[in-house]
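Worksheet: the structure to be examined is printed underneath.
Every heavy atom of this structure was used, including side-chain atoms; hydrogens, water molecules and symmetry mates were not.
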Amino acid sequence: DPEMRFLRSIQTAQRRFASTLVLSEHTNSGLHPATLSAITAASKVGGDITVLVAGSGCDGAAKAAAKVKGVKKVIRADAKHLAKPVAEDLEKLVVQLQAAGKYTHIFAPANASFKGALPRVAAKLGVEQISDITSVVSEDTFVRPIYAGNALCTVQSADAVKVVTTRSTAFDKAPEGGSATVEESSAEPAGLSEFVSEELSKSERPDLATASAVVSGGRGLKSGDNFKLLFDLADKMGAAVGASRAAVDAGYVPNDFQIGQTGKVVAPDLYIAVGISGATQHLAGMKDSKTIVAINKDPDAPIFQVADFGLVDDLFKAVPALTAAVPKK
């Protein structure tokens with residue numbers, strides 16, 4: 001069909017001339033896995049990929065980005081005010097780089113920092129942001145979840161620049177195998193706000209967002225003290241610990257434990273839900289887990305509809321028994 005061949009030739013040309021700026025999440029010394037997932041998403045668009053590493057003393061992260069397969073260039077913006085960059089400073093830097101690089105796409109992981117900065121970038125560029133994508137159909141078409149993950153929406157954008165955040169759990173991590181060049185970029189503060197301080201909870205357990213196994217508790221645990229049952233199991237497994245919004249709202253555990261639509265989105269190899277009913281809000285944050293195990297005394301709990309394995313039992317008996325049976329990792 002001549003018409004189909006013509007359309008395919010246009011799509012091929014678009015991919016050839018596409019260029020993507022990926023904003024990296026990093027620790028200054030290395031890259032966060034979410035960045036590797038964003039690079040994979042960018043590679044599906046086609047064209048050249050440039051990674052921005054904005055930080056303070058971030059040479060290690062820039063070198064790590066240069067080794068990622070598919071990355072052509074790394075831009076390092078090293079400045080004191082970027083040690084903990086605020087949205088206004090990131091926006092100013094990205095808009096500056098966009099003016100110079102004329103990128104067709106700007107990608108970033110859908111984390112708290114970029115959720116603040118990317119809408120500002122989109123507004124300055126006069127385009128609409130496309131948030132939390134889970135798939136790249138073509139250079140102008142993307143899939144993103146809506147209605148707390150109960151439906152998937154295919155979005156096509158006619159904007160000259162596509163400003164996109166990526167759901168990290170939806171894309172594989174880009175492997176090493178690259179040898180990109182590293183360039184320096186100046187960065188001036190916007191002068192509108194500045195980072196003051198942060199208080200982070202410390203834990204020897206794996207990071208909830210990247211852990212291969214997660215043990216999560218809900219209102220069925222009845223108190224914060226009873227979360228020790230989950231801590232004991234998680235420590236024996238080498239797993240992270242999460243919670244439903246109901247458990248967080250009840251004060252059982254801190255906010256950074258929360259998994260769900262208004263919390264963290266996780267997709268570990270193993271997710272154990274203990275005393276969690278399975279509200280839509282919670283399912284939106286964990287239903288992409290590879291294997292889901294549910295423990296709940298209510299046989300009609302919605303969590304069993306998404307679970308691969310379910311145990312209808314009193315969690316106060318089942319969890320200690322499971323902990324005793326699990327070999328220490």
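Grouped with I303 in one hydrophobic cluster are L208, V214, I259, V266, Y271, I276, L283, M286, I292, F304, V306, V312, the linkage being side-chain heavy-atom contacts under 4.5 Å among Ile, Leu, Val, Met, Phe, Trp and Tyr residues. F195 belongs to a hydrophobic cluster whose other members, connected by ILVMFWY side-chain contacts under 4.5 Å either directly or through intermediates, are V86.
For K92 and E188, the salt-bridge test fails: no basic side-chain N is under 4.0 Å from an acidic carboxylate O. Taking 4.0 Å as the cut-off between side-chain N and carboxylate O, D48 and K72 count as a salt-bridged pair. Note on D313 versus K317: no salt bridge recorded, every NZ/NE/NH1/NH2 to OD/OE distance being 4.0 Å or above.
Residues forming a side-chain hydrogen bond (donor to acceptor under 3.5 Å, both in side chains) with S193 (at least two apart in sequence, or on another chain): E88. Scored by the side-chain hydrogen bond (donor to acceptor under 3.5 Å, both in side chains) test, D159 finds no partners at all (sequence neighbours excluded). For E91, the side-chain hydrogen bond (donor to acceptor under 3.5 Å, both in side chains) partners two or more places apart in sequence, or in a different chain, are R120, K124.
With hydrogens and angles disregarded, a donor-acceptor distance shorter than 3.5 Å links the side chain of T40 to the backbone of A174. Proximity of a side-chain donor or acceptor of T20 to a complementary backbone N or O of I106 within less than 3.5 Å is not detected. D249 places no side-chain N or O within 3.5 Å of a backbone atom of A246 that could act as its donor or acceptor partner. In this structure, T104 contributes its side chain and S19 its backbone to a donor-acceptor pair below 3.5 Å. Judged purely by atom type and a 3.5 angstrom limit, S24 uses its side chain to pair as donor or acceptor with the backbone of L52. At distances below 3.5 Å, at least one donor-acceptor pair connects side-chain atoms of K264 with backbone N or O atoms of D256.
Every pair passing salt bridge (charged side-chain N to carboxylate O under 4.0 Å, His left out) that includes a residue from residues 128-138 is listed here, sequence neighbours excluded: D132-R167.
A heavy-atom distance below 4.5 Å is found between the side chains of M237 and L270. By the 4.5 Å heavy-atom criterion applied to side chains, S216 and I272 are not counted as neighbours.
With 3.5 Å as the limit, one finds a donor-acceptor pair spanning the side chains of Q281 and T262. Side-chain atoms of T141 and S138 include a donor-acceptor pair closer than 3.5 Å.
Aromatic ring orientation, F227 versus F231: tilted (interplanar angle from 30° to 60°).
A 6.0 Å sphere centred on CZ of R219 holds no more than 12 heavy atoms belonging to other residues, nucleotides or ligands. For K236, the NZ atom is densely surrounded, since the number of other residues' heavy atoms within 6.0 Å is greater than 12. Summarising the local packing, CD of E198 is surrounded by more than 12 heavy atoms from other residues, nucleotides or ligands at distances under 6.0 Å. For NZ of K290, the number of neighbouring non-hydrogen atoms (other residues, nucleotides, ligands) closer than 6.0 Å is greater than 12. Summarising the local packing, CZ of F316 is surrounded by more than 12 heavy atoms from other residues, nucleotides or ligands at distances under 6.0 Å. Within a 6.0 Å sphere centred on CD of E176, heavy atoms belonging to other residues, nucleotides or ligands number 12 at most.
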Practice task
Please assess D140 against K162 for the test salt bridge (Lys or Arg N to Asp or Glu O under 4.0 Å), listing each intermediate value before the final yes or no.
Solution key: CA-CA 8 Å; D140 65 353; K162 282 71 173 175; 5.7 Å; no
